[in-house]
Amino acid sequence: MSKKKTIIEEPLEKRLWKAADKLRKNIDAAEYKHVVLGLIFLRYISVSFERLYAELVKQQADGADPEDREEYLAENVFYVPESARWSHLVANAKNPQIGRLIDEAMDAIERENRSLKGVLPKVFSRPNLDPTSLGELIDLIGNSTLENTSTKSADLLGHVFEYFLGEFALAEGKKGGQFYTPRSVVELLVTMLEPYQGRVLDPCCGSGGMFVQSDKFVRQHQGRVEDISIYGQESNQTTWRLCKMNLAIRGIDASQVKWNTEGSFLNDAHKDVKADYVIANPPFNDSDWSGDQLRGDARWQYGVPPTGNANFAWIQHFVYHLAPKGQAGFVLAKGSLTSKTGGEGEIRRALIDKGLIACIVNLPAKLFLNTQIPACLWFVSRNRTKRAGEILFIDARNMGHLINRRTRELTEDDISTIADTYHRWRDESKDYADVPGFCASVPVSRVAELDYVLTPGRYVGLPEEEDDFNFAERFTALRAEFEEQLKEEERLNKVILENLSKIKID
């Protein structure tokens with residue numbers, strides 16, 4: 001007899017994504033994501049509302065009122081008016097006017113919940129959105145996701161929301177990377193920083209992934225979520241809305257996540273905040289950051305950053321917002337480790353000499369959706385008492401695995417290996433030891449000898465065994481670095497020509 005094959009069912013979020021993506025038809029992913037994520041959010045707040053509503057009905061004899069908005073506010077639950085409740089939408093799923101009904105539901109929820117004002121999408125009555133497909137999407141999200149109104153169901157919807165954010169980012173490609181930092185990169189940053197308590201700041205917060213992961217970290221390590229408070233800022237209003245929904249679906253207080261069109265440099269929404277943790281993924285090599293308007297800014301304590309590249313403006317912005325014992329972990333283009341243009345080398349030198357740089361991690365290629373520019377992680381600490389005269393270099397370029405032809409992802413083991421190495425080094429554990437080709441603890445004097453270059457490959461050396469050397473992968477990485485240098489040279493030439501054209505000849 002032949003053995004029966006074991007059928008492994010796909011996780012719920014993957015099955016949901018495939019079904020929802022099939023209903024997308026010819027709608028662009030950038031537009032469709034607001035439709036799907038908006039419905040998932042609506043389903044989430046309905047779950048929380050319905051659970052509390054049922055409890056209040058049972059308590060009516062004791063004076064409880066299931067239609068009293070204040071009852072829900074007291075329990076940190078969004079109040080959902082009758083016309084916006086999921087049961088009402090399901091009953092009208094086959095109504096040709098379902099799109100208009102959902103838009104009206106979103107408006108009604110915003111009117112009843114001030115923290116959601118201006119956040120929810122009203123895109124459901126657009127002509128290109130087929131009412132039949134929209135009705136099927138309501139059935140899909142309602143029937144496939146939830147069988148009851150338990151707390152577990154609400155957590156599941158939060159997980160689905162996060163998964164869909166990542167899938168839409170992949171579907172959008174370069175544009176998707178503007179609102180989404182890959183999960184594995186976020187997880188690595190948070191695992192290394194360990195934000196157990198205090199203020200967490202992300203001044204370019206995108207869809208809020210850093211905050212969600214910080215919240216997860218605290219819960220997974222039996223901490224109290226009440227012990228952390230988050231502060232964020234985003235200049236793209238559409239992305240800010242996604243962030244507010246992403247945090248609300250997790251029950252995270254987003255009152256200090258601000259939006260303005262100027263952004264953190266020109267209009268810092270948290271000027272007086274001194275954070276215990278700064279976690280961020282700012283735009284790579286941003287040349288349009290209004291640096292010419294900020295030449296005398298108080299944040300430039302280690303040197304005035306060049307107007308043509310915001311990398312070292314971001315670093316100093318992060319450092320400026322750190323509390324006396326604060327830590328920061330952030331993503332930057334790898335060119336920041338070696339660049340000397342526009343005074344960047346001098347700023348990097350000042351940061352190193354002041355003992356602020358704790359660790360540099362060289363990341364693998366293809367981790368980010370919106371750029372092929374090689375990237376790295378910087379870790380900065382104020383008032384370091386341990387390893388004060390050293391910097392840890394970690395070369396993780398050979399880690400991770402391809403999830404498709406264009407995108408790489410770090411595994412849980414990769415994240416654990418990198419983070420554990422940093423923690424053992426930082427705590428001066430006897431278990432820490434340099435590993436050729438992977439990590440090295442280097443005195444600042446040695447870094448100074450190498451002209452304050454922070455590329456990990458300069459310090460970690462070669463692995464003891466080179467039998468597994470991947471020539472193709474190494475060639476690809478070197479070519480990417482070379483292309484980045486060419487682009488940087490072209491950008492600088494353009495800046496020089498623009499400046500020359502502004503010079504008036506008497």
Non-hydrogen atoms of I279 and S214 that approach each other most closely
CD1-OG, 3.7 Å
Audit row: R426, E194, salt bridge (Lys or Arg N to Asp or Glu O under 4.0 Å) steps and yes/no
CA-CA 12 Å; R426 184 183 60 186; E194 299 182 305; 2.8 Å; yes
If you compare all heavy atoms of G400 against all heavy atoms of R408, which two are closest, and at what distance to 0.1 Å?
O-NH1, 3.2 Å
Output the distance between atom CZ (R111) and atom OH (Y79), rounded to the nearest 0.5 Å.
12.0 Å
May I ask you to check whether F164 and W17 place their ring centers less than 6.0 Å from one another?
yes
Kindly say whether the aromatic ring centers of Y196 and F217 come within a distance under 6.0 Å.
yes
Are the aromatic ring centres of F265 and W314 under 6.0 angstrom apart?
yes
Answer whether the closest heavy-atom distance between the side chains of L410 and L188 falls below 4.5 Å.
yes
If the threshold is 4.0 Å, N to carboxylate O, is there a salt bridge linking E390 and R387?
yes
Run the salt bridge (Lys or Arg N to Asp or Glu O under 4.0 Å) check on K117 and E112 step by step: do they pass?
CA-CA 9 Å; K117 185 174 177 57; E112 295 291 344; over 6 Å; no
Measure from the side-chain N and O atoms of H321 to the backbone N and O of V273, and report whether any donor-acceptor pair falls under 3.5 Å.
yes
For a side chain to side chain contact (heavy atoms under 4.5 Å, CB included) check, start with the C-alpha distance between F211 and L247, then their side-chain angles and the critical distance, and finish with the verdict.
CA-CA 8 Å; F211 300 135; L247 297 179; 3.7 Å; yes
Just checking, any donor-acceptor pair under 3.5 angstrom between side chains of N404 and T407?
yes
When L120 is tested against each of N113, D107, I109 for side-chain contact (heavy atoms from CB on, under 4.5 Å), which residue passes?
I109
Heavy-atom nearest pair, P81 first then A108, reads CG-CB, 3.6 Å
Show your working on side chain to side chain donor-acceptor pair (under 3.5 Å) between D414 and T411 and close with a plain yes or no.
CA-CA 5 Å; D414 294 332; T411 67; 3.0 Å; yes
When you compare the side chain of P305 with that of Q316, does any pair of heavy atoms fall below 4.5 Å?
yes
Side-chain touch E167/K33, heavy atoms, less than 4.5 angstrom:
no
With no hydrogens and no angle check, is any side-chain donor or acceptor of Q301 less than 3.5 Å from a backbone partner on Y320?
no
Are the side chains of E234 and S207 in touch, meaning some heavy atoms are under 4.5 Å apart?
no
Does the side chain of T239 come within less than 4.5 Å of W259's, by heavy atoms?
no
Give a yes-or-no answer on whether the side chains of N309 and D286 include a donor-acceptor pair shorter than 3.5 Å.
no
Check for me whether the distance between the ring centres of F379 and F330 falls short of 6.0 Å.
no
More than 12 heavy atoms of other groups within 6.0 Å of N76 CG
no
Going by atom types only, do D427 and S429 share a side-chain donor-acceptor pair under 3.5 Å?
no
Should the pair R250-E162 be classified as a salt bridge under the 4.0 Å nitrogen-to-oxygen rule?
yes
Kindly compute the distance separating CG (L37) from CG (L42), expressed to the nearest 0.5 Å.
12.5 Å
In terms of heavy-atom contacts, does CD of Q220 have more than 12 from other residues, nucleotides or ligands at under 6.0 Å?
yes
Describe, in one word, how the ring planes of F393 and Y459 are oriented to each other, choosing from parallel (under 30°), tilted (30 to 60°) and perpendicular (over 60°).
parallel
Any sub-3.5 Å donor-acceptor pair from H423's side-chain atoms to M192's backbone N or O?
yes
Between the side chain of K325 and the main-chain N/O of L322, is any donor-acceptor distance below 3.5 Å?
no
Main-chain N/O of L193 paired with Y422 side-chain donor or acceptor, under 3.5 Å
no
Does the pair R384/E428 count as a salt bridge with the N-to-O cut at 4.0 Å?
no
Taking the six-membered ring for Trp, are F49 and Y53 parallel (under 30°), tilted (30 to 60°) or perpendicular (over 60°)?
tilted
Looking only at heavy atoms, which two atoms of N260 and A269 are closest? And how far apart?
ND2-CB, 4.4 Å
Say whether S416 and D420, considering side chains only, have a donor N or O and an acceptor N or O under 3.5 Å apart.
yes
Give, for atom CG of N281 and atom OG1 of T181, the distance between the pair rounded to the nearest 0.5 Å.
3.5 Å
CA sep, side-chain torsions, deciding dist, call: R85, E67, salt bridge (Lys or Arg N to Asp or Glu O under 4.0 Å):
CA-CA 13 Å; R85 292 172 192 170; E67 293 295 344; 2.9 Å; yes
Go through the steps to decide whether E409 and S184 satisfy the test side chain to side chain donor-acceptor pair (under 3.5 Å), and finish with yes or no.
CA-CA 6 Å; E409 184 178 76; S184 65; 5.2 Å; no
Is any side-chain heavy atom of Y231 closer than 4.5 Å to a side-chain heavy atom of D202?
no
Just one of N311, L356, I360 clears the side-chain contact (heavy atoms from CB on, under 4.5 Å) bar with W378, so which one?
I360
Give me the atom names and distance for the closest heavy-atom approach of N246 to I249.
O-CG2, 3.2 Å
Check the pair C376 / S336 against side chain to side chain contact (heavy atoms under 4.5 Å, CB included), numbers first and verdict last.
CA-CA 9 Å; C376 60; S336 62; 4.0 Å; yes
Verify the neighbour count for atom CZ of R458: are there more than 12 heavy atoms of other residues, nucleotides or ligands below 6.0 Å?
no
If you round to the nearest 0.5 Å, how far is CH2 of W289 from CG of L266?
9.0 Å
Would you check if D395 and C439 make a side-chain contact, meaning some heavy-atom pair closer than 4.5 Å?
no
Heavy-atom check, side chain of K334 versus side chain of R397, under 4.5 Å:
yes
Take I418 and T191 through the test side chain to side chain contact (heavy atoms under 4.5 Å, CB included) and record every step on the way to the result.
CA-CA 9 Å; I418 297 169; T191 305; over 6 Å; no
Nearest-0.5 Å distance, NZ of residue K258 to OG of residue S235:
16.0 Å
One pair to check against ring-ring contact (aromatic ring centres under 6.0 Å, His included): Y302 and F312. What are the steps and the verdict?
CA-CA 9 Å; Y302 304 95; F312 282 83; over 10 Å; no
Taking it one step at a time, do Y44 and M245 satisfy side chain to side chain contact (heavy atoms under 4.5 Å, CB included)?
CA-CA 10 Å; Y44 162 77; M245 287 195 294; over 6 Å; no
Heavy-atom pair with the smallest gap, counting every atom of D434 and S441
OD1-N, 2.9 Å
Presence of salt bridge, R183 and E187, under 4.0 angstrom:
yes
Is the closest basic N to carboxylate O distance between R224 and D227 below 4.0 Å?
yes
Any carboxylate oxygen within less than 4.0 angstrom of a Lys/Arg side-chain nitrogen, looking at K18 and E13?
no
